[in-house]
Amino acid sequence: MLAETAAAVRGRPPLGPEPLEPVPHRVVGCRKETDDVTTLSLESLSGATPTFAPGQFNMLTAYGVGEAAISVSSSRREAGALRHTVRDVGPVSAALCRARLGDVVGVRGPFGKSWGVGEADLATGDVVVVAGGIGLAPLRGAIDELVHRPDADGGRVFVLTGARDPSQLIFGDDLEAWGRAGAVVAVTVDTAPRGWTGHVGLVTSLLGGIDCDPGTTTALICGPEIMMRFTAKALVDRGIDPRRIKLSMERNMQCGLGWCGHCQLGPYLLCRDGPVLPYGGDVARLMTERER
Ligand SMILES: Cc1cc2nc3c(=O)[nH]c(=O)nc-3n(C[C@H](O)[C@H](O)[C@H](O)COP(=O)(O)OP(=O)(O)OC[C@H]3O[C@@H](n4cnc5c(N)ncnc54)[C@H](O)[C@@H]3O)c2cc1C
Ligand code: FES
């Protein structure tokens, strides 16, 4: 009763009866993307696959260790198991990266606002996707749907991704597939070993090489906050409407439900109002304040 009242007060949609209880999922796929990044494919022990929209995240439980927010990296065009791509940065992510086929992981979610693929603003026009490092994971499902959108009306998809060095690049197969499907794909690294013939520089240095139409462009950005800030600013300087620039903002998540306040950014609870937010409005200012 108390939970129902709290939900009504906050105006959130009703969730399952036990929104804080992880649903056990079996690891049915493990793929090492880099030395410290692993993609887990998870299937519910109950057999039910929850619906999600690209950009949303789940709280994954490594039983006996803890819980962490991890974005869904599946595309809705892929049948079956739910993918999550995890970088080992601490206790929970390390335990998830150590998971083996047959292990059981807890899943709560999906939570938060998505990139809005399928909504009117992304149905037509150019789309510029910019990812830094593992920031490509929350964008993977969105890109896959965008390059296959049925009514693109001439709009193009540009995928710009960067990593510290070539060994840190993820989803090489997907980048090739998106290129074959018609996307303009550009890759850069901050530093390159001898023999690398690709682009070297920050991901923002790729922006000058694309000819998107600022009047119709929507941008989707995910990566370290400083990278997102400089990318968004460069896109605004090119004439793109800040309200059509979407960022995925990360903060420490606990409940995922808008209850605990851990993920607060100014007036936003990022688990509920984000993680995807438009750069326009007050987000540009809030990002600057945090970086001081
Ligand atoms: C909405 C959302 C989506 C996310 N999606 C993903 C995802 O798809 N894949 C993924 O690997 N992570 C993702 N994260 C980040 C992940 O939730 C954190 O890295 C989490 O803190 C890991 O828990 P831990 O116990 O392993 O490490 P912690 O003990 O929480 O952190 C260990 C150390 O890493 C630092 N750290 C925490 N987060 C990050 C980070 N994002 N980047 C670099 N250093 C960090 C901490 O400051 C600390 O020093 C997401 C976070 C949010 C909020
Ligand atoms: S994580 Fe608890 S309010 Fe967002």
Side-chain angles (χ1 to χ4, degrees), residues 15-112 114-115 131 133-145 161 163 167-178 222-223 248 250 252-257 271 275:
L15 290 161
E18 301 292 349
L20 292 174
E21 190 177 319
V23 177
H25 280 58
R26 192 168 306 284
V27 177
V28 296
C30 281
R31 179 185 153 127
K32 202 138 175 69
E33 308 285 355
T34 72
D35 57 347
D36 63 354
V37 176
T38 300
T39 296
L40 298 178
S41 301
L42 304 175
E43 258 176 25
S44 169
L45 294 192
S46 74
T49 310
T51 54
F52 71 94
Q56 287 189 299
F57 68 96
N58 281 313
M59 297 300 296
L60 296 193
T61 299
Y63 288 106
V65 184
E67 226 185 9
I70 304 292
S71 305
V72 180
S73 59
S74 304
S75 163
R76 289 180 292 193
R77 294 181 349 104
E78 293 164 335
L82 212 51
R83 290 191 196 205
H84 296 80
T85 301
V86 187
R87 179 155 159 249
D88 174 353
V89 295
V92 177
S93 52
L96 292 169
C97 287
R98 280 196 306 270
R100 293 289 166 258
L101 291 180
D103 287 354
V104 174
V105 165
V107 178
R108 288 195 298 124
F111 297 123
S114 72
W115 296 109
I134 196 174
L136 193 54
L139 286 161
R140 180 177 175 274
I143 298 166
D144 193 62
E145 291 184 28
T161 188
S167 74
Q168 300 302 308
L169 286 165
I170 62 171
F171 303 159
D173 296 347
D174 292 313
L175 293 168
E176 283 180 21
W178 297 329
C222 188
S248 184
E250 290 189 4
N252 181 13
M253 304 276 178
Q254 298 279 324
C255 67
L257 294 157
C271 67

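Keep in mind that the numbers below use all heavy atoms, side chains included, and drop hydrogens, waters and symmetry copies. Because the structure is a prediction, the values reported are computed rather than measured.
Rounding to the nearest 0.5 angstrom, the gap separating the CZ atom in R76 from the OG atom in S114 is 7.0 Å. Going from atom CG of L175 over to atom CD1 of I170 covers 8.5 Å, rounded to the nearest 0.5 Å. If you take OG on S41 and NE2 on H25, they are separated by 11.5 Å, rounding to the nearest 0.5 Å. Between the OG1 atom of T39 and the CZ atom of R83 there is a distance of 6.5 Å, given to the nearest 0.5 Å.
The two atoms that bring A81 and V28 nearest to each other are CB-CG2, 3.7 Å, heavy atoms only. Smallest separation of non-hydrogen atoms from V23 and S44: CG1-OG, 4.0 Å. Considering all non-hydrogen atoms of both residues, A137 and F171 come closest at CA-CE1, 3.6 Å.
Taking E21 as the reference, nothing meets the salt bridge (charged side-chain N to carboxylate O under 4.0 Å, His left out) condition, with sequence neighbours excluded. D88 meets the salt bridge (charged side-chain N to carboxylate O under 4.0 Å, His left out) test with no other residue; sequence neighbours excluded. Scored by the side-chain contact (heavy atoms from CB on, under 4.5 Å) test, D144 finds S75, R77, H148, W178 as partners (sequence neighbours excluded). A search for salt bridge (charged side-chain N to carboxylate O under 4.0 Å, His left out) contacts involving D173 returns R31, not counting sequence neighbours.
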Margin query: Pair L82, V72 - check side chain to side chain contact (heavy atoms under 4.5 Å, CB included), show working.
Written below: CA-CA 7 Å; L82 212 51; V72 180; 4.1 Å; yes
Next item on the list: Determine, stepwise, if the pair C30 / L40 fulfils side chain to side chain contact (heavy atoms under 4.5 Å, CB included).
Entry: CA-CA 5 Å; C30 281; L40 298 178; 3.8 Å; yes
Note to self: What verdict does the salt bridge (charged side-chain N to carboxylate O under 4.0 Å, His left out) test give for E145 and R140, after you've listed the backbone C-alpha separation in whole Å, the side-chain angles of each residue and the deciding distance to 0.1 Å?
What the structure shows: CA-CA 9 Å; E145 291 184 28; R140 180 177 175 274; over 6 Å; no
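Classification of R87 and E33 as a salt-bridged pair fails, no side-chain N sitting under 4.0 Å from a carboxylate O.
With S71 contributing its side chain and S73 its backbone, the two residues share no donor-acceptor pair below 3.5 Å.
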Which donor-acceptor pairs under 3.5 Å do side chains of residues 51-63 form with protein atoms, sequence neighbours excluded?
unit_1, atom_1, unit_2, atom_2, d
Q56, OE1, A53, N, 2.9
Q56, NE2, G112, O, 2.8
N58, ND2, H84, NE2, 3.0

Atom pairs and distances, donor-acceptor, side-chain atoms in residues 94-109, under 3.5 Å, two or more places apart:
unit_1, atom_1, unit_2, atom_2, d
R100, NH1, R98, O, 3.4
D103, OD2, R100, N, 2.8
R108, NE, E67, OE2, 2.7
R108, NH1, P19, O, 3.1
R108, NH1, C255, O, 2.8
R108, NH2, E67, OE1, 3.1
R108, NH2, E67, OE2, 3.3
R108, NH2, Q254, O, 3.2
R108, NH2, C255, O, 3.2

